[in-house]
Number of protein chains: 2
Amino acid sequence: MKRRVTLKQIAKELGVSVSTVSKALRNSKEIGQETTEKIQAFAKLYNYKPNSIAISLQNRKTKNIGVIIPEIVHHFFTTVITGIEKVANEAGYNVIVCLSDESFDKEVINMETLANSSIDGFIISLSKDTQKRRDFHHLREVINQGMPLVMFDRVSDEIYCDKVIVDDAQGAYKAVKYLLDIGCKKIALISTADYLSVGKLRTMGYKNALEDSGIEYDENLVLKIDDMDYCQEPIADLFQREKFDGVLAVNEIFAVTAMREAIKTGYKIPNDISFIGFTDGLLSKHFYPRLTTVNQHGFEMGNIAARMLIDKLEEIEEEEHYRTEVIKTTIVERESTRPY
Amino acid sequence: MKRRVTLKQIAKELGVSVSTVSKALRNSKEIGQETTEKIQAFAKLYNYKPNSIAISLQNRKTKNIGVIIPEIVHHFFTTVITGIEKVANEAGYNVIVCLSDESFDKEVINMETLANSSIDGFIISLSKDTQKRRDFHHLREVINQGMPLVMFDRVSDEIYCDKVIVDDAQGAYKAVKYLLDIGCKKIALISTADYLSVGKLRTMGYKNALEDSGIEYDENLVLKIDDMDYCQEPIADLFQREKFDGVLAVNEIFAVTAMREAIKTGYKIPNDISFIGFTDGLLSKHFYPRLTTVNQHGFEMGNIAARMLIDKLEEIEEEEHYRTEVIKTTIVERESTRPY
DNA sequence: TTGAAAGCGCTAACAC
DNA sequence: GTGTTAGCGCTTTCAA
């Protein structure tokens with residue numbers, strides 16, 4: 001086992017000073033050609049690699065980006081991370097991922113740890129817990145310290161920073177319109193609790209679309225589910241209780257669970273009933289029938305979020321100027337709405 | 001925007017020396033109580049947080065763990081990451097995730113960047129490309145430099161280090177036995193290319209189980225698919241070509257694609273034909289019918305991998321002693337093999 | 001053309 | 001008890 005060589009060691013071996021080595025390795029024209037060559041050859045031989053910690057300390061930049069998300073076992077978030085990684089790596093940044101596990105406390109702890117000079121900036125999507133409490137002091141704090149922060153998807157109006165979101169309301173609106181267009185008359189909505197920004201916005205889109213089409217909003221057709229792991233029962237119950245011929249679900253799990261109930265109930269999809277879900281993940285692509293979805297373009301979101309952050313870090317974008325980028329959702333048509 | 005305070009600033013403000021502040025903040029009994037209190041109060045007021053970069057430089061530890069995986073949009077890998085995060089965070093480590101994107105070159109680049117003092121140790125699962133080329137010089141290099149490395153799932157015999165794997169062969173063996181037990185007579189295998197350690201091992205398990213049960217291995221019932229995104233055609237073809245009443249698939253996508261073909265062909269699942277897949281992800285849990293799977297316990301794998309690495313880092317485990325932990329797969333029975 | 005010295009923020013051995 | 005000094009690995013004046 002050979003330890004990494006340092007500038008100092010090279011300098012000693014070669015009988016020159018540390019600063020000479022440092023300069024030579026970076027091709028400074030201050031240093032004579034002969035010396036430069038000698039030093040570079042030696043460095044190569046011993047496989048010299050600059051210590052990035054020392055460099056970070058020196059110029060107070062880490063070239064690390066901190067990403068805090070609620071969970072990673074979730075197709076949408078992983079596509080966003082993939083998008084962040086791509087842009088970040090291309091710009092020479094590493095990505096440190098922390099999971100808040102939907103908990104406010106963990107979110108705060110993660111932010112604090114990372115903020116202590118582990119990273120240059122944050123990309124974050126709020127935990128459910130944080131959205132419920134509406135306590136954003138930890139975000140304010142890092143912003144105050146001059147650390148750039150970009151929020152995506154689960155954002156808050158109360159914080160001024162760059163944001164990337166999808167047009168959740170519009171997306172839901174388009175989905176409902178689409179269902180109406182293909183002939184649905186009664187459309188159910190399976191959503192999450194309202195304190196989640198996305199749940200609320202999508203519900204709004206649903207309502208607006210109905211209204212604009214002169215259809216009365218019927219509370220009985222709307223389900224608000226809090227716990228993802230416990231959705232089958234309320235959904236089955238909905239099918240017992242009501243008759244409808246279209247379903248909009250705010251995620252693919254709800255959508256697929258509903259399709260299962262529909263099939264069990266004896267409906268033919270999409271002939272008797274059509275389905276659209278948010279989150280264009282594996283389930284949507286592979287379920288039978290495949291699910292028509294509102295694609296949130298997670299990869300692009302990640303790209304943009306990373307781009308925004310890096311622009312701030314490298315001062316391409318001025319500090320006090322905040323943008324909110326809204327990504328257009330698109331509908332991916334599949335078997336759950338289109339005869340196949 | 002207020003910059004973070006440093007020890008130096010506190011020292012200056014309070015008219016004491018830096019080392020006094022440093023000691024006082026860490027409750028050294030060398031420092032008088034009065035001074036200590038004064039300093040701590042001041043630090044608290046100005047929200048002093050030690051600069052972790054400086055500390056890293058000082059003790060040549062970063063408290064970061066580097067994780068390199070082929071992709072993140074993959075249920076198995078995300079569960080492993082979740083497992084790693086948990087153990088790592090509890091031990092005060094951050095996790096830096098890098099994606100190799102199944103490419104050898106990216107894997108090498110990622111390793112090199114991280115190895116330049118960004119992290120204390122690696123957890124890695126090899127890219128397909130690396131397994132195909134059998135070029136492991138980058139792994140050897142970091143090990144040589146004294147950086148601990150733990151491999152999981154996609155490992156190589158040629159490298160000496162700690163490893164966490166599942167009993168892939170055994171898992172496949174058990175799955176086939178299970179299918180035979182519930183009455184299957186002809187079992188097809190849908191696998192990946194053989195250069196992937198897991199594909200090979202699972203195929204081996206399949207063969208052994210048949211052999212031990214006195215059933216002849218029939219090449220025509222075995223599919224080797226290289227490209228995940230292009231599996232429907234060969235699978236459909238298999239259903240055209242052959243008759244069988246059981247299927248073992250090495251991942252849930254293949255399994256689910258096969259179920260779709262079976263249903264289209266008019267089979268009833270599980271009455272006419274039964275299915276088992278590896279990877280116990282969302283698809284398995286939510287498909288209709290739900291898929292019986294060989295669970296690889298990704299979360300536990302992550303836990304163990306992180307534990308192993310940290311034990312090495314904190315010298316709880318001696319340097320030159322390498323373990324290979326084999327995790328037992330378990331079969332999760334669901335609707336695809338059991339009448340419901 | 002080269003090198004000495006200071007400094008990034010912190011810790012620790014050793015003086016006072 | 002408190003301070004001085006050196007040093008982690010590197011960059012960057014500034015002097016020689």
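Since this is a predicted model, take the numbers as computed values, not measurements. Below, chains carry the letters A, B, ... as their sequence lines are ordered, and counting in each starts from 1.
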A/L7 CG - D/dT12 P separation (whole Å):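 So the CG-P distance, A/L7 to D/dT12, works out to 12 Å.
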
Distance, rounded to the nearest Å, where A/N59 contributes CG and D/dT13 contributes P: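 Rounded to the whole Å, the gap is 13 Å.
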
Closest-nucleotide 5' rank along DNA chain D - winner of B/L57 and A/E30: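 Counting from the 5' end, the first nearest nucleotide belongs to B/L57.
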
Sugar-phosphate, base or nothing in reach of A/T35, heavy atoms under 4.0 Å: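 Result for A/T35 = sugar-phosphate.
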
Proximal nucleotide (of C/dC10, D/dG3, D/dC10) relative to the A/I55 side chain: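 Selected nucleotide (nearest to the side chain): D/dC10.
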
Protein-nucleotide distance (A/I31, atom CD1; D/dA16, atom C1'), rounded to Å: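 Answer to the nearest Å: 14 Å.
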
Derivation and outcome, side-chain contact (heavy atoms from CB on, under 4.5 Å), residues B/I304 and B/I327: CA-CA 10 Å; B/I304 295 177; B/I327 299 192; 3.9 Å; yes

Euclidean distance, atom CD1 of residue A/I10 to atom P of C/dG3 [Å, nearest integer]: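 The answer, rounded to whole Å, is 14 Å.
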
Nucleotide of D/dG3, D/dC10, C/dT2 approaching A/T20 most closely (side-chain heavy atoms):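 Nearest to the side-chain atoms of A/T20, counting from C-beta on, is C/dT2.
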
B/L114 and B/I96, any side-chain heavy atoms less than 4.5 Å apart: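 Yes, side chains in contact.
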
Distance below 4.0 Å between A/R60 side-chain N/O and C/dG9 OP1 or OP2: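 Yes, such a contact exists.
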
Base D/dT2 to side chain B/S19, donor-acceptor N/O within 3.5 Å cut-off: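 It does not, because no donor-acceptor pair links the side chain of B/S19 to the base of D/dT2 below 3.5 Å.
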
A/K163 side chain vs A/I159 backbone, donor-acceptor pair below 3.5 Å: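 Side chain of A/K163 to backbone of A/I159: a pair is present.
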
Sugar-phosphate, base or nothing in reach of A/V16, heavy atoms under 4.0 Å: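 Answer is sugar-phosphate: A/V16 comes under 4.0 Å of backbone atoms only.
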
With B/Y160 via ring-ring contact (aromatic ring centres under 6.0 Å, His included) - residues at least two apart: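 With sequence neighbours excluded, B/Y160 shows a ring-ring contact (aromatic ring centres under 6.0 Å, His included) to no residue whatsoever.
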
Along DNA chain C (nearest heavy atom to each residue), the more 5'-positioned of A/A54 and B/S22: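 On the 5' side of the pair lies A/A54.
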
Spacing between B/K38 atom NZ and D/dT2 atom P, to the nearest angstrom: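 Nearest whole value for this atom pair: 8 Å.
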
Separation of C/dT2 P from A/I39 CD1 (nearest whole Å):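 Distance check: A/I39 CD1 to C/dT2 P gives 8 Å.
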
Side chain to side chain contact (heavy atoms under 4.5 Å, CB included) partner of A/P70, the single match among A/K128, A/E107, A/R154: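 Of the listed residues A/K128, A/E107, A/R154, the side chain to side chain contact (heavy atoms under 4.5 Å, CB included) partner of A/P70 is A/R154.
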
Short side-chain N/O contact to D/dC10 OP1/OP2 from A/R26, under 4.0 Å: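 No, A/R26 has no side-chain N/O under 4.0 Å of OP1/OP2 on D/dC10.
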
Sugar-phosphate, base or nothing in reach of A/T6, heavy atoms under 4.0 Å: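 Sugar-phosphate contact only - A/T6 comes under 4.0 Å of backbone atoms but never of a base.
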
Atom pair distance, as rounded to whole Å: NZ in A/K49 and P in D/dG9: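 The answer, rounded to whole Å, is 17 Å.
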
Atom-to-atom span, CD of A/E37 to C1' of C/dT1 - whole angstrom: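 Roughly 15 Å, once rounded to whole Å.
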
DNA chain D: 5'-proximal contact among A/K23 and A/K8 (nearest heavy atom):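 In this pair, the answer is A/K8.
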
